[in-house]
Number of protein chains: 2
Amino acid sequence: MNRLHNMSRADDALERLFRVTTVLSDAMAEDLAARGLTRARATVVAVLARMGPSNQRALADVLRVTPRNVTGLVDGLEGAGLVVRSPHPEDRRASLVSLTDAGAELAASLVEDERRLARFLFGGLDRDDLAAVTSGLDRVLERLAAPAFGELRREALER
Amino acid sequence: MNRLHNMSRADDALERLFRVTTVLSDAMAEDLAARGLTRARATVVAVLARMGPSNQRALADVLRVTPRNVTGLVDGLEGAGLVVRSPHPEDRRASLVSLTDAGAELAASLVEDERRLARFLFGGLDRDDLAAVTSGLDRVLERLAAPAFGELRREALER
DNA sequence: TATTGTTATACTCTATAACTATA
DNA sequence: TATAGTTATAGAGTATAACAATA
């Protein structure tokens with residue numbers, strides 16, 4: 001009975017998580033689109049802002065995407081004037097992808113947007129509630145990183 | 001000072017939320033792929049399980065996607081034997097999309113997976129922590145539904 | 001030999017526009 | 001005249017495979 005109750009609460013929590021995720025990611029995609037950006041390209045801009053000028057191989061690794069995919073993303077961003085390719089100083093096979101001034105400005109603006117969003121979403125919660133949410137999500141992250149998560153997924157596929 | 005502290009906590013919470021979302025959605029996409037499904041097609045299956053046999057227009061409205069897009073998704077699912085199109089009994093323009101037995105089985109299995117996932121992710125939290133997370137996410141959902149969220153987004157785009 | 005990034009090809013999701021068959 | 005679903009066309013993200021230049 002108690003256990004059943006807890007189980008239904010877990011379902012509720014996951015449902016809330018999915019709803020928050022959906023609404024948030026739709027809104028963010030829409031806002032990026034209004035700036036002429038897609039999610040994938042915005043991610044490249046954010047990664048470049050964090051890592052500094054990088055070759056495409058490094059980008060592919062960080063984005064966990066094929067090198068061919070990076071070619072396309074960088075093509076798009078270069079066309080939009082947000083990044084430039086330059087010859088890699090030490091490896092003539094590679095090119096170095098860097099943010100232009102416009103790209104760096106955009107990256108800063110995305111970071112600022114995120115900060116405002118965080119304050120907007122969580123600013124109304126008092127410290128204890130906020131701490132509870134954050135540490136709850138941390139627990140979830142621990143579960144997601146645990147080997148048991150892999151087992152759960154394997155079991156599901158074997159059913 | 002106190003305010004600054006709260007602000008950084010809000011950033012932390014949003015960062016956790018994004019990380020949970022990313023890991024979870026990557027894992028789910030991978031699991032669907034192992035079953036030969038994409039996210040978009042799995043959503044159609046879930047919607048059909050919930051709404052029962054539907055015409056494509058209704059699917060387009062619920063999925064918030066163009067009718068043309070539904071054509072493609074249903075084509076794919078029909079090819080995989082998960083849904084069938086049949087003539088609509090009352091409207092000869094429309095077709096009725098229904099889950100096959102295999103489709104219904106898959107839908108049930110997806111629901112079951114989600115329940116297991118919820119228990120796995122949140123089963124370790126005690127009642128109070130779980131309630132705190134759920135109600136925190138509810139507060140976030142309220143903020144996302146508030147007109148102020150629209151204003152925040154408009155301001156960001158005007159910068 | 002191995003690696004970097006490209007061309008070639010293909011699939012999925014998405015959209016708009018024009019069209020057919022029906023309502 | 002309006003609606004349901006299609007064909008036609010296009011763009012973005014993703015992937016694998018083959019290849020050229022370079023390490």
Side-chain angles (χ1 to χ4, degrees), chain A residues 22 25-26 28-48 51 53-80 82-98, chain B residues 22 25-26 28-48 51 53-80 82-98:
Chain A
T22 304
S25 105
D26 285 357
M28 293 175 78
E30 212 177 285
D31 293 351
L32 289 175
R35 290 172 137 146
L37 271 182
T38 60
R39 164 77 68 173
R41 290 182 190 175
T43 304
V44 176
V45 169
V47 165
L48 283 172
M51 303 203 315
S54 311
N55 68 22
Q56 298 187 189
R57 177 67 211 190
L59 289 175
D61 289 342
V62 170
L63 300 169
R64 289 198 296 181
V65 109
T66 61
R68 176 60 186 93
N69 199 340
V70 173
T71 300
L73 294 171
V74 171
D75 284 350
L77 289 169
E78 203 167 32
L82 296 171
V83 310
V84 282
R85 283 182 174 97
S86 47
H88 193 290
E90 287 150 25
D91 185 341
R92 283 195 297 174
R93 293 171 305 181
S95 51
L96 207 57
V97 183
S98 323
Chain B
T22 304
S25 104
D26 284 357
M28 292 174 77
E30 213 178 286
D31 293 350
L32 289 175
R35 289 172 138 144
L37 271 182
T38 60
R39 163 77 68 172
R41 289 181 191 175
T43 305
V44 175
V45 169
V47 165
L48 283 172
M51 302 203 316
S54 311
N55 68 21
Q56 298 188 189
R57 177 67 212 192
L59 289 175
D61 288 343
V62 170
L63 301 168
R64 288 198 298 181
V65 110
T66 61
R68 177 58 184 95
N69 200 340
V70 173
T71 299
L73 295 171
V74 171
D75 284 350
L77 289 169
E78 203 167 32
L82 297 171
V83 309
V84 282
R85 283 181 173 98
S86 46
H88 194 289
E90 287 149 25
D91 185 341
R92 281 195 299 174
R93 293 170 304 179
S95 52
L96 207 58
V97 183
S98 323

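Everything numeric in this text was worked out from a predicted model, so none of it was measured. Naming convention: chains lettered A, B, ... in sequence-line order (proteins, then strands); numbering from 1 in each chain.
Considering only side-chain atoms of B/Thr38, the nucleotide from C/dT4, C/dT12, D/dT6 that sits closest is C/dT12.
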Under 3.5 Å, sequence neighbours excluded: what are the donor-acceptor pairs made by side chains of residues 59-68 of chain A?
{"from": "A/Asp61", "atom 1": "OD1", "to": "A/Arg57", "atom 2": "NH2", "distance (Å)": "3.3"}
{"from": "A/Thr66", "atom 1": "OG1", "to": "A/Asn69", "atom 2": "N", "distance (Å)": "3.3"}

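For A/Ala94, the side chain to side chain contact (heavy atoms under 4.5 Å, CB included) test picks out A/Asn55, A/His88, A/Asp91, with sequence neighbours left out.
Of the side-chain N and O atoms in B/Gln56, one or more sit less than 4.0 angstrom from OP1 or OP2 of D/dT6.
Between the CG atom of B/Asp75 and the C1' atom of C/dT14 there is a distance of 15 Å, rounded to whole Å. Rounded to whole Å, atom C1' of D/dG11 lies 19 Å from atom CZ of A/Arg39. A straight line from CZ of A/Arg57 to P of C/dT6 spans 13 Å, rounded to a whole angstrom. For the pair A/Leu32 CG and D/dG11 P, the computed distance is 21 Å after rounding to whole Å. Protein atom CD of A/Glu30 is 15 Å distant from nucleotide atom C1' of C/dA15, rounded to whole Å.
Applying the salt bridge (Lys or Arg N to Asp or Glu O under 4.0 Å) definition to pairs two or more places apart or across chains, those involving residues 32-47 of chain B are B/Arg35-B/Asp113.
Here the CG-CG distance, from B/Leu48 to B/Leu82, works out to 10.5 Å after rounding to the nearest 0.5 Å. Atom-to-atom distance recorded for B/Thr71:OG1 and B/Arg85:CZ is 6.0 Å, nearest 0.5 angstrom.
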#### Entry: Audit row: A/Ser86, A/Leu96, side-chain contact (heavy atoms from CB on, under 4.5 Å) steps and yes/no
CA-CA 5 Å; A/Ser86 47; A/Leu96 207 57; 3.8 Å; yes
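Non-hydrogen atoms lying under 4.0 Å from DNA chain D are contributed by A/Val65, A/Thr66, A/Arg68, A/Asn69, all within residues 61-70 of chain A. Proximity of residues 40-47 of chain B to DNA chain D (heavy atom under 4.0 angstrom from any strand atom) is not detected for any residue.
Annotation: side chain of A/Ser25 is not in contact with side chain of A/Met28 (no heavy-atom distance under 4.5 Å). No side-chain heavy atom of A/Val84 sits less than 4.5 Å from a side-chain heavy atom of A/Val97. Within the 4.5 Å cutoff, no side-chain heavy atoms of A/Leu32 are placed close to those of A/Thr38.
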### Query
Nucleotide by nucleotide, 5' to 3', does protein get under 4.0 Å of the base (B), only the sugar-phosphate (S), or neither (-) in nucleotides 18-23 of chain D, counting heavy atoms?
---BBS
